[in-house]
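This one's a predicted model, so the numbers in the text were calculated from it and none came from an experiment. Any value given below was found using the heavy atoms of this structure, including those in side chains, with hydrogens, waters and symmetry copies removed.
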Number of protein chains: 2
Amino acid sequence: MAKKTRMTKQRKAILKVLKNTKSHPTADWIYEKVRKEIPNISLGTVYRNLNVLAENGKIKVLDYGSNHSRYDGVPDHHYHFRCEKCGGVFDLDVDLSSDLNKKINNETEFTVHSHRLEFSGICPDCQQKN
Amino acid sequence: MAKKTRMTKQRKAILKVLKNTKSHPTADWIYEKVRKEIPNISLGTVYRNLNVLAENGKIKVLDYGSNHSRYDGVPDHHYHFRCEKCGGVFDLDVDLSSDLNKKINNETEFTVHSHRLEFSGICPDCQQKN
DNA sequence: GTAATTGCAAACGGTTTGCGATCTC
DNA sequence: GAGATCGCAAACCGTTTGCAATTAC
């Protein structure tokens with residue numbers, strides 16, 4: 001289960017910065033911001049705390065997949081499916097582009113140019129090999 | 001415009017590997033595969049060629065955003081909008097989860113657990129500052 | 001008191017880049 | 001030939017980690 005965690009002033013400051021920002025900052029941005037309050041905090045501490053907070057469900061990390069890039073031989077537009085078991089990435093033969101873009105353009109103030117949609121779950125092969 | 005490019009045997013081999021793979025491999029995986037054909041090819045060459053091929057639209061790179069992670073103070077489920085101008089990431093107040101998951105579950109062999117959807121375009125602030 | 005946490009700096013891992021040699025056009 | 005590309009190795013950069021000192025509980 002989850003290890004016991006303490007609320008240090010560093011952790012509190014990081015959480016505060018994050019809660020008061022509606023955009024989604026990078027670790028470095030958070031570091032600079034927190035430094036105004038705790039000048040000698042280290043970047044390592046920021047990273048460690050972000051990870052702890054994420055483990056505890058207090059915040060969320062927004063990186064898609066790992067830090068490896070993946071390359072696609074088919075440059076046309078299509079959605080991807082990432083298998084949670086084997087880690088493979090597959091193409092989906094479904095297209096909702098115009099629907100989705102239109103919806104956001106109509107319902108929000110943002111001007112949408114494109115979107116990326118990625119599903120995750122279990123691929124057919126891995127469902128078999130149970 | 002685009003610089004002139006040449007079709008070296010390295011580039012051809014990389015492209016071939018990529019075209020013959022329906023999953024979307026990492027650079028390292030491609031490297032290992034190509035090495036069987038050109039044993040002394042270097043990983044740097046693989047990266048360089050992947051970038052050239054991507055610039056020419058022959059392949060596509062599947063990393064979402066940059067290599068920086070971004071952190072979200074609101075751990076609930078929601079979609080994001082990435083502004084192409086200021087680089088900011090914002091929340092969207094729209095939810096289609098069950099619709100989308102159901103659609104893929106019905107129309108494909110994959111078992112979907114979740115998905116991630118990210119729009120990009122221009123945010124309201126940047127539309128003003130034209 | 002004691003285990004979690006910190007600051008620091010070194011290590012890590014994927015990717016990029018500078019170089020002189022090589023190959024494509 | 002000229003310039004794009006190669007192989008090699010070092011550099012880069014975001015992130016993680018080992019360690020001794022500190023701090024929350």
Side-chain angles (χ1 to χ4, degrees), chain A residues 1-18 24-72 82 87 89, chain B residues 1-18 24-72 82 87 89:
Chain A
M1 242 312 287
K3 223 203 306 188
K4 204 173 295 185
T5 63
R6 292 170 184 175
M7 188 48 69
T8 63
K9 70 170 191 282
Q10 290 88 342
R11 186 163 300 162
K12 198 181 299 188
I14 290 166
L15 193 53
K16 197 180 72 188
V17 165
L18 211 37
H24 302 296
T26 60
D28 219 68
W29 189 93
I30 296 169
Y31 173 56
E32 290 302 336
K33 204 85 174 178
V34 173
R35 218 132 81 100
K36 287 175 187 152
E37 195 174 332
I38 309 174
N40 68 327
I41 194 173
S42 80
L43 184 54
T45 297
V46 173
Y47 275 108
R48 260 186 300 228
N49 275 306
L50 288 170
N51 288 339
V52 171
L53 290 168
E55 268 171 35
N56 297 357
K58 295 246 175 57
I59 65 171
K60 227 170 130 187
V61 185
L62 303 185
D63 67 332
Y64 278 75
S66 66
N67 37 343
H68 298 56
S69 287
R70 285 176 173 272
Y71 299 88
D72 187 343
R82 187 182 297 265
V89 178
Chain B
M1 242 316 284
K3 222 203 308 188
K4 204 173 296 183
T5 62
R6 293 172 183 172
M7 187 49 68
T8 62
K9 69 170 193 277
Q10 288 88 344
R11 188 162 300 161
K12 199 181 298 187
I14 290 166
L15 192 53
K16 195 180 76 187
V17 166
L18 211 36
H24 303 295
T26 61
D28 220 66
W29 190 93
I30 296 169
Y31 173 55
E32 291 302 337
K33 206 84 175 178
V34 173
R35 217 131 81 100
K36 286 175 187 149
E37 193 172 333
I38 310 175
N40 67 327
I41 193 173
S42 82
L43 185 53
T45 296
V46 172
Y47 274 108
R48 259 188 300 229
N49 275 306
L50 288 170
N51 288 339
V52 170
L53 290 168
E55 269 171 35
N56 297 356
K58 295 247 177 56
I59 65 170
K60 229 168 130 189
V61 185
L62 303 185
D63 66 334
Y64 278 75
S66 66
N67 37 341
H68 299 57
S69 286
R70 285 175 172 274
Y71 299 88
D72 188 341
R82 187 181 297 265
V89 178

Mind checking if A:D28 touches a base, just sugar-phosphate, or nothing, with heavy atoms under 4.0 Å?
nothing

Please produce a list of atom pairs where a protein N or O lies less than 3.5 Å from an N or O of nucleotides 20-24 of chain D.
unit_1, atom_1, unit_2, atom_2, d
D:dA24, N3, A:R6, NH1, 3.1

Give the rounded distance in Å between these two atoms: CZ of B:R35 and C1' of D:dC6.
16 Å

Counting only side-chain nitrogens and oxygens, does B:N49 get under 4.0 Å of the OP1 or OP2 atom of D:dT5?
no

If the test is side chain to side chain contact (heavy atoms under 4.5 Å, CB included), which one of A:V52, A:L50, A:I59 qualifies with A:I14?
A:L50

Round to the nearest Å and state the distance from B:I38 atom CD1 to C:dT22 atom P.
17 Å

Testing the basics here: between A:I41 and A:Q10, what is the closest heavy-atom pair and its distance to 0.1 Å?
CD1-CG, 3.7 Å

Over all atoms of both residues, closest heavy-atom pair of B:R70 and B:V89
CD-CG2, 3.6 Å

Shortest side-chain distance from B:Q10, nucleotide among D:dG7, C:dG7, C:dT5:
D:dG7

How many Å lie between CD1 on B:I14 and P on D:dT5, as a whole number?
12 Å

Looking at CG of B:N56 and CZ of B:R11, how far apart are the two atoms once the value is rounded to the nearest 0.5 Å?
7.5 Å

Could you check whether B:T26 gets within reach of a base, just the sugar-phosphate, or nothing at all, counting any heavy atom under 4.0 Å?
nothing

Interatomic distance, A:K12 NZ vs C:dT5 C1' [rounded to whole Å]
15 Å

Mind checking A:L43 for me? I need base, sugar-phosphate or nothing, with any heavy atom below 4.0 Å counting as a touch.
base

Rounded to the Å, how far apart are A:R70 CZ and C:dG14 C1'?
14 Å

Between NZ of A:K12 and NZ of A:K9, what distance do you get to the nearest 0.5 Å?
10.5 Å

Roughly, in whole Å, what's the span from CG in A:N51 to P in D:dG14?
16 Å

Between A:L43 and A:A27 the two heavy atoms that sit nearest each other are CD1-O, 4.4 Å

Expressed in angstrom and rounded to an integer, what is the separation of B:R11 atom CZ from D:dG7 atom P?
11 Å

So A:R48, base contact, sugar-phosphate only, or nothing? Heavy-atom distance under 4.0 Å.
base

Contacts of B:T45 and A:I41 projected onto DNA chain C by closest heavy atom; the upstream (5') one is A:I41

Measure from CG on A:L50 to P on D:dT17 and round the result to the nearest Å.
14 Å

For B:I30, which of B:L15, B:N49, B:V46 qualifies under side chain to side chain contact (heavy atoms under 4.5 Å, CB included)?
B:V46

Quick one: on DNA chain C, does A:G44 or B:G44 contact a more 5' nucleotide (nearest heavy atom)?
A:G44

